[in-house]
There are 2 protein chains.
Amino acid sequence: MIRDEKAPPLVLENFIPYRLNKAAEAVSQRFARLYREQYGLTRPEWRTLATLGQFGTATATVIGTHSSMHKTKVSRAVLALEKRRWLRRKRDGSDRRIENLELTSAGRKAYAELAKVAHQFETELLAHLGKRGESGLIAGLAALERLHDSR
Amino acid sequence: MIRDEKAPPLVLENFIPYRLNKAAEAVSQRFARLYREQYGLTRPEWRTLATLGQFGTATATVIGTHSSMHKTKVSRAVLALEKRRWLRRKRDGSDRRIENLELTSAGRKAYAELAKVAHQFETELLAHLGKRGESGLIAGLAALERLHDSR
DNA sequence: AATAGATCGTCACAATTGCAACTAGTACCC
DNA sequence: GGGTACTAGTTGCAATTGTGACGATCTATT
């Protein structure tokens, strides 16, 4: 048995949190180009659009919870999408603190296009991973989600 | 066969890039607490320390490449670690643009402690994922890395 | 119905980051 | 060997992000 006394205590490129972060970053960047270059959206704006497209109507707080964004990020993204006339604010009948947000028809159109782009990106991504990579990644993510949800 | 015509075009919480990002973020945040609360390090500082601990000596450029950080981030992290007297700059004999960076003994001590913390964190993380989650995650990350390295 | 405490969204401010320009130095190459 | 192009690292500035406080509103308690 050979023992290497100079082995570094930690090898960054093998360290799971680092690898996970780097992989996520790379995927995000690649995907972001699709909505940034074509539509000029930022990531918070994209997430807001996606949430609203999915829900039909939502408050800023709901958007933040659903898309894991801080409320100030949501606030700014909503403002930007409103300026672009992709969403509208409607006051709530029973609670005047709340804004019920919904996409305009232009917003729904953009959402439909971007949802298609997103699906295609995901499909291609998974295809490139191969069968084993795909099922592995999905199982790994599910395990991480279970871990974090239980805290 | 029932068909739901109102199914949203995209469900964010099932979208792989989003899930990957969220999982990575959560793991990072949890790990960051260990070096932030105990040592007052930022993430760029931690990565710089880790790289330098691993390599013994490295230039700022090498640190950036190895730890996937922009050179300005490295520059600022190096300055911070230098002020803390955890690293030293040495001029290169043959190229005076280069700074050969190395940890001081205080830096090496901190690195040794943090490397241990890191390993422990990783071990516990993987243990919590279960056998299937662990091997899946590793296979998935490997597949993503192959994909990105080949671009 | 008055008060206390929570929630919703926004804003001002500070910290962090990224970009582009810069200085200093090296390499090429005619 | 003088010009040109490249590389290493830093800095100033702008954009992005996070924090804390705020006004407005709602809920619960008494």
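When reading the values below, keep in mind they use all heavy atoms of this one structure, side chains included, and skip hydrogens, waters and symmetry mates. Order of the sequence lines sets the chain letters (A, B, ...), proteins ahead of strands, with each chain counted from 1.
- The aromatic rings of B:F31 and B:F121 sit tilted relative to each other, their planes meeting at an angle between 30° and 60°.
- The CD1 atom of A:I98 sits 9 Å away from the C1' atom of D:dC26 (whole-angstrom rounding).
- Within the structure, every side-chain polar atom (N or O) of A:R96 is placed at least 4.0 Å from both OP1 and OP2 of C:dC8.
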- Item | Derivation of the side chain to side chain contact (heavy atoms under 4.5 Å, CB included) call for A:L49 and A:R84 | CA-CA 12 Å; A:L49 180 69; A:R84 192 186 289 236; over 6 Å; no
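- One can place CZ of B:R97 at 14 Å from P of D:dT10, the figure rounded to the nearest angstrom.
- Atom CD of A:E82 and atom P of C:dT10 are 9 Å apart (whole Å).
- Side-chain atoms of B:E45 and B:Y39 include no donor-acceptor pair closer than 3.5 Å.
- Within the nucleic acid shown, A:R89 comes within 4.0 Å of sugar-phosphate atoms alone, with no base atom in reach, counting heavy atoms only.
- Between A:Y35 and A:W46, the ring-plane angle classifies as parallel under the 30° and 60° cut-offs.
- Judged by distance alone, the side chain of A:Y111 and the main-chain N or O of B:L10 form a donor-acceptor pair under 3.5 Å.
- For the pair A:E99 CD and C:dC8 C1', the interatomic distance rounds to 9 Å; values are reported in whole Å.
- Taking atom CD of A:E25 as the reference point, atom P of C:dT17 lies 12 Å away to the nearest angstrom.
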- With side chain to side chain contact (heavy atoms under 4.5 Å, CB included) as the test, would you mind laying out the steps for B:L147 and A:L125 before giving the verdict? CA-CA 9 Å; B:L147 174 63; A:L125 176 70; 3.5 Å; yes
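- Taken from CZ in A:R76 to CE in A:M69, the straight-line distance is 12.0 Å, to the nearest 0.5 Å.
- Here the options are B:R89, B:K90, B:R91, B:R88, the test is salt bridge (charged side-chain N to carboxylate O under 4.0 Å, His left out), and the partner is B:E99; only B:R89 passes.
- The stretch residues 67-80 of chain A touches DNA chain D through A:H70, A:T72, A:K73, A:R76, each having a heavy atom within less than 4.0 Å of the strand.
- Put simply, CG on B:D92 is 11 Å from C1' on D:dA8, counting in whole angstrom units.
- Place B:L101 and A:T42 on DNA chain D by their nearest nucleotides, and B:L101 ends up nearer the 5' end.
- Residue A:R43 contributes atom CZ, which lies 11 Å from atom P of C:dG18 at whole-angstrom precision.
- Counting any heavy atom pair closer than 4.0 Å across all strands shown, A:R91 reaches no nucleic acid atom.
- A heavy-atom distance below 4.0 Å to DNA chain D is reached by these residues of residues 49-65 of chain B, ordered by number: B:T59, B:A60, B:T61.
- For the pair B:H66 (side chain) and B:V62 (backbone), a donor-acceptor distance under 3.5 Å is absent.
- Whole-Å rounding puts the A:L41 CG to D:dT16 C1' distance at 16 Å.
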